[in-house]
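In what follows, every heavy atom counts, from backbone to side chain, and hydrogens, waters and symmetry copies are set aside. All of these numbers come straight from a predicted model, not from anything done at the bench. Below, chain A is the first sequence line, B the second, and so on; all start at residue 1.
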There are 4 protein chains.
Amino acid sequence: MAESGRGRPRSERSRLAVLSATADLLIEGGLAAATVEAIAARAGVGKATIYKWWPSRGHVALESFFTRHAATATIVDRHESLADGLTAQLDALLDLMRNPPDAALLREIVALAQTDDELRAAFTEHWLRPRRTAVERVLRAAVERGEVRPDTDIAVTMDQLFGPLYYRLLMGHAPLDESLTAALLKQTLRAITR
Amino acid sequence: MAESGRGRPRSERSRLAVLSATADLLIEGGLAAATVEAIAARAGVGKATIYKWWPSRGHVALESFFTRHAATATIVDRHESLADGLTAQLDALLDLMRNPPDAALLREIVALAQTDDELRAAFTEHWLRPRRTAVERVLRAAVERGEVRPDTDIAVTMDQLFGPLYYRLLMGHAPLDESLTAALLKQTLRAITR
Amino acid sequence: MAESGRGRPRSERSRLAVLSATADLLIEGGLAAATVEAIAARAGVGKATIYKWWPSRGHVALESFFTRHAATATIVDRHESLADGLTAQLDALLDLMRNPPDAALLREIVALAQTDDELRAAFTEHWLRPRRTAVERVLRAAVERGEVRPDTDIAVTMDQLFGPLYYRLLMGHAPLDESLTAALLKQTLRAITR
Amino acid sequence: MAESGRGRPRSERSRLAVLSATADLLIEGGLAAATVEAIAARAGVGKATIYKWWPSRGHVALESFFTRHAATATIVDRHESLADGLTAQLDALLDLMRNPPDAALLREIVALAQTDDELRAAFTEHWLRPRRTAVERVLRAAVERGEVRPDTDIAVTMDQLFGPLYYRLLMGHAPLDESLTAALLKQTLRAITR
DNA sequence: CTGTAACCGAGACGGTACGTCCTGTCTTAAG
DNA sequence: CTTAAGACAGGACGTACCGTCTCGGTTACAG
């Protein structure tokens, strides 16, 4: 009953200015520099405009981060072997984590998400889920082919693949070096294949 | 000699008042409530005294947290079997993570540590390391007994045991239920035993 | 055009709340009690708002002080005789200095002004200048009437009228009693009239 | 009754170190830099030692200031003429006020004295009084010689001589130039001589 | 083609916490 | 009993952001 389309529409111009300003600030000074005030000033946008379209600065950063890394989520979609499929996903994530600016941002977003439930949900939904879904497809295909034991707990298996990467990223107790994904994969395959 | 013992000595009374006030605030409102200002006010202590002895509020919270959980680090010290030794450590950590106040605090400390290198180092050193050391001892003993393959990467194995717990704690993509440690253990043992 | 009138306009409500809170605090505890923090708290205003519109707490106190004493500056504006004109101005200032709260505040403002150039300039401009201008007009009129010697140094004459009052106020070496202005006037008239 | 000479005597070494450190700090950064903490640190003295022997930092500064300017108080002590005696005193004070570091310190001491009654008393007693006494002696001698009218208010006369100097020093509304004392003297003599 | 609703930039607002500085008091060990 | 050292409680400082608000002005659909 007339409710849509009335009034001035959202300015696409502002949306892009915000995301671009945020990306710049993130590069220059990390999430700490991407305050709402700084973003608004740099983008030539009112603070209220930001609050109107994003729930918090974390969401803006997240959207900016997603935009840059949309591709890596869906790397695996072909009839790859189990090992190749998993390797592709893990290496893509490891590469990202080994790029200092990306790693810093990822860490800071996870940090922010600990005190911002909405952000944590968004991160889980739009960052973790696609990657887990891709890996899950690979694993389920291998189960069907009989390569992987049918009683395997898929969720736990994925946690044992991804978990160690985030664990090292966040805690810094051990390096995220190139051999890591191979070692993870080796042990995991031994655990889940017949 | 001389140089030490000069001047008024540090007040143990204040130290305890700070830690006690912090513990109260953490319970009541989480890390967000444990501001330096609130701690100082509640403890009847000057802010400068806090800054003098702790580098940041995160360290105060960390010390308060450690004090409460000092015991769990060294649970395993007997001639336990491989499975029992690992289970004991993992379950102790899982129990802590399943206690909402502890879980919330742990998450917030990890979050703070992402933008406070000194805090991250302290957390790694005094929280992660003792637990990893205990598990490492169990694993090495099993290697020597011939239970575990000698070419096993101990560090990666520990990451596959602990990592998934922190991963689920921080991301919230899956529950931290009682069956988790069992599943982790089952897969890991299959991967590392002959 | 444009550029002015942009953004939310300054809140008159806040301005008045600040001045009123300051006046209260000055009465209750003198300038020492009128800290920026206390003013902000009492006025229900953010500290930043105070810093935005006043360079220092001294300026707030000064404005509050001015508001109360705006009238006394322009007492003399009629065709008064030389003696009456000067007496009116001096007595008005002496009355103020003999009122303990006003005297205390005046002393403290002068004190603050010694380490705050901007405040000293504001005090000179908005407190001293109007009073000196009024007296200067009286003196110049008397010069034109031939009552006062034409070679009289007007500035020094005013310093000899006002100076002793501030000198006694600030040093406290002698009382500011009612006979003071009469004595000052008597000697000064003897010095400057033919 | 044994009461004196017990225990360690006051350290003259410390007293001098404090005064010397204060003098240095006053030169370098004015009274603002001469905090009790800074003096103690520079002098290699405990803060408590300062508080034990001086009521406030203002008194330390005052003593340091006095030490440097002890001479000027008693310039006049010979059988000088009225004009010469007054001129000598006024010019000595004006010279001091025209020396920027001295002027700044004098202003700041007067400022501090507005909120420190003990300091104001000390300043009046040891700074103003000797100078006023010297001038008073000159004036009274002139009265006795019949040069000055016997009904002259000596105190007010001195206020009209000294007051304008402090007034200009503190308010800065007019310069403290060389002609000032001459003008003051000219008018004052016209007012008080027969 | 005019009214009106939703948007926009600018930026002021009340708040909260920050980390620093200084005060005046105190608690040691050394002399 | 004084001293140097220096820790202590307290309190104000001036700054930085937060998230909300109030302006004047713009945009575009609806009547």
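Between the side chain of Arg68(D) and the backbone N or O of Ala23(D) there is no donor-acceptor pair closer than 3.5 Å. Without hydrogens or angle criteria, Arg57(C) side chain to Val36(C) main chain gives no donor-acceptor distance under 3.5 Å.
Residue Val45(B) comes nearest to Ile50(B) through the heavy atom pair CG1-CG1, 4.0 Å, listed as atom of the first residue, atom of the second, then distance. Arg42(C) and Ala21(C) make their closest contact through CG-CB, 3.3 Å (heavy atoms, listed as atom of the first residue, atom of the second, distance). Listed here is the closest heavy atom pair of Arg120(C) and Leu169(D): NH1-O, 3.0 Å.
Side-chain proximity of Glu37(D) to the nucleotides dT23(E), dT20(E), dC18(F) is greatest for dT23(E). Side-chain proximity of Trp53(A) to dG14(F), dG19(E), dC7(E): nearest is dC7(E). Taking the side chain of Val36(B) as heavy atoms from C-beta on, and the options dG19(E), dC13(E), dG19(F), the nearest nucleotide is dG19(E).
Ring-plane geometry between Phe65(D) and Trp127(D) is classed as tilted, the angle between the planes lying from 30 to 60 degrees on a 0 to 90 degree scale.
Of the two residues contacting DNA chain F, namely Ala38(C) and Ala40(B), the nearest-nucleotide position lying further toward the 5' end is that of Ala40(B). Map Ala41(A) and Ala32(D) each onto its nearest nucleotide of DNA chain E; the residue landing nearer the 5' end is Ala41(A). DNA chain F is contacted by both Ala43(B) and Ser56(C); Ala43(B) maps to the nucleotide lying nearer its 5′ end (nearest heavy atom per residue).
In this structure, Arg10(A) is positioned above the aromatic face of Trp54(A), its NZ or CZ under 6.0 Å from the six-membered ring centre and within 45° of the axis.
The CG-C1' distance, from Leu25(C) to dA12(F), rounds to 14 Å in whole Å. In this structure, Arg10(B) places its CZ atom 18 Å from C1' of dA5(F), rounding to the nearest Å. A straight line from CD1 of Ile39(B) to C1' of dG19(E) spans 14 Å, rounded to a whole angstrom. Taking atom CZ of Arg42(D) as the reference point, atom P of dC22(E) lies 13 Å away to the nearest angstrom. Between Tyr51(B) atom OH and dA7(F) atom P the separation is 18 Å, expressed in whole Å. When rounded to the nearest whole Å, the span between CD1 of Ile50(A) and P of dT20(F) equals 13 Å. In this structure, Lys52(A) atom NZ and dA5(E) atom C1' are separated by 11 Å, rounded to whole Å. Atom CG in Asp116(D) sits about 13 Å away from atom P in dT23(E), given to the nearest Å.
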Can you tabulate the close N/O pairs, meaning under 3.5 Å, that link protein atoms to atoms of nucleotides 21-24 of chain F?
| from | atom 1 | to | atom 2 | distance (Å) |
| --- | --- | --- | --- | --- |
| dC21(F) | O2 | Arg8(C) | NH1 | 3.1 |

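Side-chain nitrogen and oxygen atoms of Thr49(C) include at least one within less than 4.0 Å of the OP1 or OP2 phosphate oxygen of dG14(E). Contact between the side-chain N/O atoms of Thr35(D) and the OP1/OP2 oxygens of dC21(E) is not found at any separation under 4.0 Å. Between Ser14(B) and dA9(F), a side-chain N or O to OP1/OP2 separation shorter than 4.0 Å is present.
Using a 4.5 Å heavy-atom threshold, the side chains of Leu26(C) and Ser64(C) count as touching.
When heavy atoms are screened at a 4.0 angstrom cut-off, Arg57(B) is found touching the sugar-phosphate backbone but no base atom.
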